[in-house]
There are 2 protein chains.
Amino acid sequence: MRRTERRSDCPVNFAVQTFGDSWSLIILRDLMFTDRRTYGDFLGAEERIATNVLAARLEHLQNVGLITHRDTGYALTQKGLDLLPAILDLIEWSGKYDKRTAAPRSFLARVARDRDGLIAETTARLSAEYGL
Amino acid sequence: MRRTERRSDCPVNFAVQTFGDSWSLIILRDLMFTDRRTYGDFLGAEERIATNVLAARLEHLQNVGLITHRDTGYALTQKGLDLLPAILDLIEWSGKYDKRTAAPRSFLARVARDRDGLIAETTARLSAEYGL
DNA sequence: CTGTATCCTTAGGGATACTG
DNA sequence: CAGTATCCCTAAGGATACAG
């Protein structure tokens, strides 16, 4: 994202400019689908983000209101949790087109067959954990 | 995307690394929701992409199989069209959180109330146009 | 353990002139 | 109209040492 000013008021552009870098979605994924919650946890993720980059992304995600920082670690905000449907769609899409995908077949099946239920269930669980 | 090798087989990562740059989704948006189909059309979009960048993104999107190039202009592939649900979710999310969003209220209302219907309708229309 | 601070590199992007 | 070709530049990312 070279240009810092908003390129347009298009909603797709808003999304791209808000979390369309190469690490934000990875961190949100961790907060949604894994038990990683702390700085050290995120560093342990398979993708091997650099320490300074992680710090920068965490700060950015706080600035745009997608996460907060508590004593227990980082937490999703409602705004961040509201990206769950979109991210599930991305997972479903990748599951369909990436032959090497690590997404469990059972999970992909569930997304395809019961997307709404999965969203409801996951939202409930995460809302409880994050106190939303 | 500094690292060119795949960072992991996580489906979220696959999506990020496939179209997670700052222009791919803008082009896909044009092919889904506007009548822009040609190089010149894309250049005319509000976001003002540079000519060389556009050419590079169009080539990339062809390489990853999201679009094709016909005499009539660029077209979505099935793989590209399959990103419609995710993009609609992003639009819905931006509509909710971006005060300045240019997304028409009527469209946002439709997405919220009848997402499945909207997807079906749009998919049908675009499938016909693109011959999928 | 949770970050900062540095230093460095490069891909991505921006501007613009040009070509078939 | 549909791109190429250049040149340039900076933000994003990577590596690693250090600090509280």
Side-chain angles (χ1 to χ4, degrees), chain A residues 1-8 10 12-31 34-64 66-75, chain B residues 1-8 10 12-31 34-64 66-75:
Chain A
M1 224 122 318
R2 298 291 308 288
R3 201 184 301 177
T4 90
E5 342 81 63
R6 175 184 282 228
R7 297 185 300 200
S8 78
C10 166
V12 173
N13 185 64
F14 181 76
V16 167
Q17 295 205 287
T18 301
F19 54 85
D21 61 281
S22 65
W23 290 108
S24 289
L25 284 180
I26 300 297
I27 295 168
L28 295 177
R29 169 205 67 185
D30 281 355
L31 291 173
T34 79
D35 60 355
R36 295 184 202 108
R37 300 291 180 269
T38 70
Y39 183 88
D41 289 341
F42 297 135
L43 284 181
E46 191 184 1
E47 289 86 3
R48 317 264 77 200
I49 188 171
T51 57
N52 59 334
V53 175
L54 175 58
R57 285 352 275 168
L58 288 171
E59 189 185 0
H60 168 75
L61 289 173
Q62 291 177 77
N63 289 339
V64 296
L66 292 176
I67 67 173
T68 55
H69 194 187
R70 313 224 244 267
D71 49 349
T72 57
Y74 291 89
Chain B
M1 223 121 318
R2 299 292 306 289
R3 203 184 299 178
T4 91
E5 342 80 65
R6 176 184 280 227
R7 298 185 300 201
S8 79
C10 165
V12 174
N13 185 63
F14 180 77
V16 167
Q17 295 205 288
T18 302
F19 54 85
D21 61 281
S22 66
W23 288 109
S24 288
L25 283 181
I26 299 297
I27 295 168
L28 294 178
R29 170 205 67 184
D30 281 356
L31 291 173
T34 79
D35 60 355
R36 294 184 201 107
R37 299 291 179 271
T38 70
Y39 183 89
D41 290 340
F42 297 136
L43 283 182
E46 192 184 2
E47 289 85 3
R48 316 263 79 200
I49 188 171
T51 57
N52 58 335
V53 176
L54 174 58
R57 286 352 276 169
L58 288 172
E59 188 184 0
H60 168 75
L61 289 173
Q62 291 177 77
N63 288 339
V64 295
L66 292 175
I67 67 174
T68 56
H69 194 189
R70 313 225 244 263
D71 48 350
T72 57
Y74 291 91

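Letters A, B, ... mirror the listed sequences (proteins, then strands); counts begin at 1.
Summary of helix geometry: the two end axes of the helix from C/dC1-D/dG20 to C/dG20-D/dC1, each defined by five base pairs via their C1' atoms, are inclined to each other by 40° (rounded to 10°).
For A/Thr34, there are no side chain to side chain donor-acceptor pair (under 3.5 Å) partners, not counting sequence neighbours. In this structure, the side chain to side chain donor-acceptor pair (under 3.5 Å) partners of B/Arg37, at least two apart in sequence or on a different chain, are B/Glu129, B/Tyr130. The side chain to side chain donor-acceptor pair (under 3.5 Å) search around A/Arg57 returns A/Asp21, not counting sequence neighbours.
Counting distance only, with no hydrogens placed and no angle test, the side-chain atoms of B/Arg2 and the base atoms of C/dA11 include no donor-acceptor pair under 3.5 Å.
Side-chain atoms of B/Asp30 and B/Asp41, non-hydrogen and from C-beta on, never get closer than 4.5 Å to each other.
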From CA spacing to verdict: side chain to side chain contact (heavy atoms under 4.5 Å, CB included), A/Phe19, A/Val64: CA-CA 9 Å; A/Phe19 54 85; A/Val64 296; over 6 Å; no
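Regarding contacts with the backbone of D/dA2, a side-chain N or O of B/Thr38 is found under 4.0 angstrom from either OP1 or OP2. Between A/Tyr74 and the phosphate of C/dG3, there is a side-chain N or O to OP1/OP2 separation shorter than 4.0 Å. Phosphate proximity of C/dA11 to B/Trp23: absent, as no side-chain N or O sits under 4.0 Å from OP1 or OP2. Of the side-chain N and O atoms in B/His69, one or more sit less than 4.0 angstrom from OP1 or OP2 of D/dG3.
Rounded to a whole Å, the CG atom of B/Leu43 is 13 Å from the C1' atom of C/dA15. Atom CG of B/Leu58 is separated from atom C1' of C/dG13 by 15 Å (rounded to the nearest Å). Distance, B/Arg37 CZ to D/dC1 P: 17 Å, rounded to whole Å. Atom CG of B/Leu61 is separated from atom P of D/dG3 by 13 Å (rounded to the nearest Å). Across the protein-nucleic acid pair, A/Asp71 atom CG and C/dG3 atom P stand 12 Å apart, rounded to whole Å. Rounding to whole angstrom units, NE2 of residue B/His60 and P of C/dG12 are separated by 9 Å. Protein atom CD of B/Glu59 is 14 Å distant from nucleotide atom P of C/dG13, rounded to whole Å. As a whole-Å value, the separation of B/Glu5 CD from D/dG13 C1' is 12 Å.
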Donor-acceptor pairs under 3.5 Å, side chain of residues 45-52 of chain B to any protein atom, not counting sequence neighbours: which ones?
from: B/Glu47; atom 1: OE1; to: B/Arg29; atom 2: NH2; distance (Å): 2.9
from: B/Glu47; atom 1: OE2; to: A/Ser8; atom 2: OG; distance (Å): 2.7
from: B/Glu47; atom 1: OE2; to: B/Arg29; atom 2: NH1; distance (Å): 2.7
from: B/Arg48; atom 1: NH2; to: B/Leu43; atom 2: O; distance (Å): 3.0

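In this structure, CG in B/Leu25 is found 9.5 Å from CG in B/Leu66, a value given to the nearest 0.5 Å. The line from OH of B/Tyr74 to CZ of B/Arg36 is 15.5 Å long, rounded to the nearest 0.5 Å. One distance of note links CG of A/Leu61 with CD1 of A/Ile27; it measures 5.5 Å at 0.5 Å rounding.
Sorted by residue number, the members of residues 44-54 of chain B with any non-hydrogen atom under 4.0 Å from DNA chain D read B/Thr51, B/Asn52.
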